[in-house]
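Each remark here refers to the structure printed beneath this line.
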Amino acid sequence: MDTGSRRIDDLDGGLDLRATLESGQSYLWRRDDGRTYEQGASGDGWYHTVLPASTTRTNEAEVLRVRQVDGRLEWEASTPYAPDRIAELLRLDDDLEAIVSNTPDDDLVDAAYEAHRGLRLVRDPPFACLVSFICSAQMHVSRIFDMQVALAEAYGETVRFDGREYAAYPTPERLAEATERELRSLSLGYRAPYVRRTAEMVATGEARPEEAQDLDYEAAREWLTRFVGVGEKVADCVLLFSLGYLEAVPLDTWIRRAIAEHYPHCDRDSYEATSRAIREQFGGEFAGYAQTYVFHHLRTGG
DNA sequence: TATCCAAGGTAAGTT
DNA sequence: AACTTACCTTGGATA
């Protein structure tokens, strides 16, 4: 077991681990006690995620545990590469100070940045991000988490770490073997055939989400919609929360509500046009950061 | 207790 | 290309 820690103060713009992992941008980390943001703080503050073997340098499934305490980010992991992996997954190298100060002045965005200082975007593994956001359609945040746990427990590799068993996120190959009926039994509803078919596309090599990285932002968004169950909104989520397109602004119900109430001039007749307008409103290059702060702020009653 | 409704939308069928 | 409609499931709100 590899353990260690680093000072939060050494990170430009700090870190709010809870806001980062429970703001609805990633569904791949869980509190040890399995509870979610809406249920309030509890437990000892540890979060864990399990990366499938096919995505790790060691070629073995990796368990990462992290918590924030006394101004430090602590970790326990089954891999010696934990520091690099955590920095990658939590975007610890982003200069949050610079990003915040480079965003245009705006009452709502300023309030969101102020209320949740330290919230960082994540860099989720592409396939897991893709599947989790296919699951997110018309679904409550807490249940999206539950779906990912159900998928991992049903189809993921079991990993033993520090006396406890963890389930890795399923591989495309294993998920492609699932039947629609099986997936529906996990309460995926109409998303079941989408997940199965998309997993099959990745497993057979027909298309992999990483391939979008070769394209400019709007072309990448369009390209991702080839996956079944992926429209413009989910494509934006994958671009922002996995592939590093920080200008992406997923137009979900909360952001559309914000546009109606705060930025009516950005409300256009198509996703593409509204997207362009709100991205400009949010300062372009890092518009996705503003989106995620505003989303979290509104969802938590801001 | 029964019914309604929204939840980080998308696909398929029509105009 | 823009517009409609159906779609699984569940927890919380409303009657």
Side-chain angles (χ1 to χ4, degrees), chain A residues 19-29 34-40 112 116 119 121-122 124 128-151 154 178-201 209 218 221-242 245 248-261 267-275 278-279 282 287-302:
Chain A
T20 299
L21 298 183
E22 299 194 34
S23 53
Q25 54 165 326
S26 172
Y27 298 98
L28 307 179
W29 293 82
R35 291 161 71 86
T36 59
Y37 202 95
E38 288 80 2
Q39 297 169 308
H116 307 287
L119 190 170
L121 283 174
V122 295
D124 277 348
C129 181
L130 180 65
V131 171
S132 59
F133 276 95
I134 288 172
C135 291
S136 77
Q138 293 293 101
M139 192 49 56
H140 295 276
V141 164
S142 63
R143 288 198 54 217
I144 303 168
F145 278 107
D146 294 340
M147 287 177 172
Q148 307 319 304
V149 172
L151 286 173
T179 64
E180 177 181 334
R181 184 184 178 80
E182 287 171 348
L183 293 174
R184 281 181 183 267
S185 76
L186 299 179
S187 295
L188 264 65
Y190 61 76
R191 305 155 196 80
Y194 301 166
V195 167
R196 200 209 64 76
R197 176 63 187 131
T198 286
E200 184 177 63
M201 291 173 74
E218 287 191 340
R221 188 179 66 198
E222 171 62 25
W223 188 89
L224 282 173
T225 63
R226 71 188 49 222
F227 292 104
V228 182
V230 178
E232 293 163 305
K233 186 271 173 184
V234 169
D236 264 332
C237 290
V238 175
L239 292 176
L240 181 60
F241 304 135
S242 178
Y245 289 75
V249 175
L251 299 182
D252 58 80
T253 56
W254 290 92
I255 293 301
R256 285 183 182 280
R257 207 170 302 171
I259 290 172
E261 294 179 13
D267 189 6
R268 307 295 165 81
D269 55 4
S270 70
Y271 188 101
E272 180 179 19
T274 302
S275 169
I278 193 66
R279 276 183 281 130
F282 284 168
Y289 252 103
Q291 183 275 354
T292 298
Y293 271 82
V294 167
F295 173 85
H296 184 55
H297 192 51
L298 295 177
R299 235 178 57 76
T300 53

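None of the values given here were measured: they were computed from a predicted structure. Chain A is the first sequence line, chain B the second, and so forth, proteins listed ahead of strands; every chain is numbered from 1.
A donor-acceptor contact closer than 3.5 angstrom is absent between the side chains of A/T179 and A/R184.
Annotation: A/F227 is not in aromatic contact with A/Y194 [ring centroid separation under 6.0 Å not met]. Outside the 6.0 Å centre-distance limit, the rings of A/F282 and A/Y289 are not counted as a close aromatic pair.
Atom pair A/Y194:OH and B/dG9:C1' shows a separation of 8 Å (rounding to whole Å applied). We find that CZ of A/R191 is positioned 13 Å from P of B/dA11, with the value rounded to whole Å. The distance from atom CZ of A/R197 to atom P of B/dA12 is 11 Å, rounded to the nearest whole Å. Taking atom CD on A/Q138 and atom P on C/dG12, their separation rounds to 18 Å, with Å as the unit. Atom pair A/L186:CG and C/dC8:C1' shows a separation of 13 Å (rounding to whole Å applied). Whole-Å rounding puts the A/I134 CD1 to B/dT10 P distance at 10 Å.
Looking at heavy-atom distances under 4.0 Å, A/F227 makes contact with sugar-phosphate atoms alone, never a base. Among the protein residues, A/E232 comes within range of the sugar-phosphate backbone only, with heavy atoms under 4.0 Å from sugar or phosphate atoms but none that close to a base. Across all strands shown, A/E180 has no heavy atoms under 4.0 Å from either base or sugar-phosphate atoms. Counting any heavy atom pair closer than 4.0 Å across all strands shown, A/G231 reaches sugar-phosphate atoms only and no base atom. Counting non-hydrogen atoms under 4.0 angstrom, A/R184 reaches the backbone sugars and phosphates but no base.
Taking 4.0 Å as the cut-off between side-chain N and carboxylate O, A/E22 and A/R299 do not count as a salt-bridged pair.
B/dC5 is paired with C/dG11 under the Watson-Crick or G-U wobble criterion, all donor-acceptor distances under 3.5 Å.
In this structure, A/K233 and A/V230 both approach DNA chain B, and ranking their closest nucleotides by distance from the 5' end singles out A/K233. Mapping A/G229 and A/Q291 onto DNA chain B via the closest heavy atom, the residue that lands nearer the 5' end is A/Q291.
Taken from CD1 in A/I278 to CZ in A/R256, the straight-line distance is 11.0 Å, to the nearest 0.5 Å.
Listed candidates were B/dA7, B/dT10, C/dT9. Nearest to the side chain of A/R257 is B/dA7. Of the listed nucleotides (B/dG8, C/dC8, C/dT10), C/dC8 has the atom at the smallest distance from the side chain of A/Y190. In the set B/dG8, C/dT9, C/dC7, the nucleotide with an atom closest to the side chain of A/D252 is B/dG8.
Here A/F133 does not pack flat against the base of B/dG8, since the 5.5 angstrom centre distance and 30 degree tilt limits are not both met.
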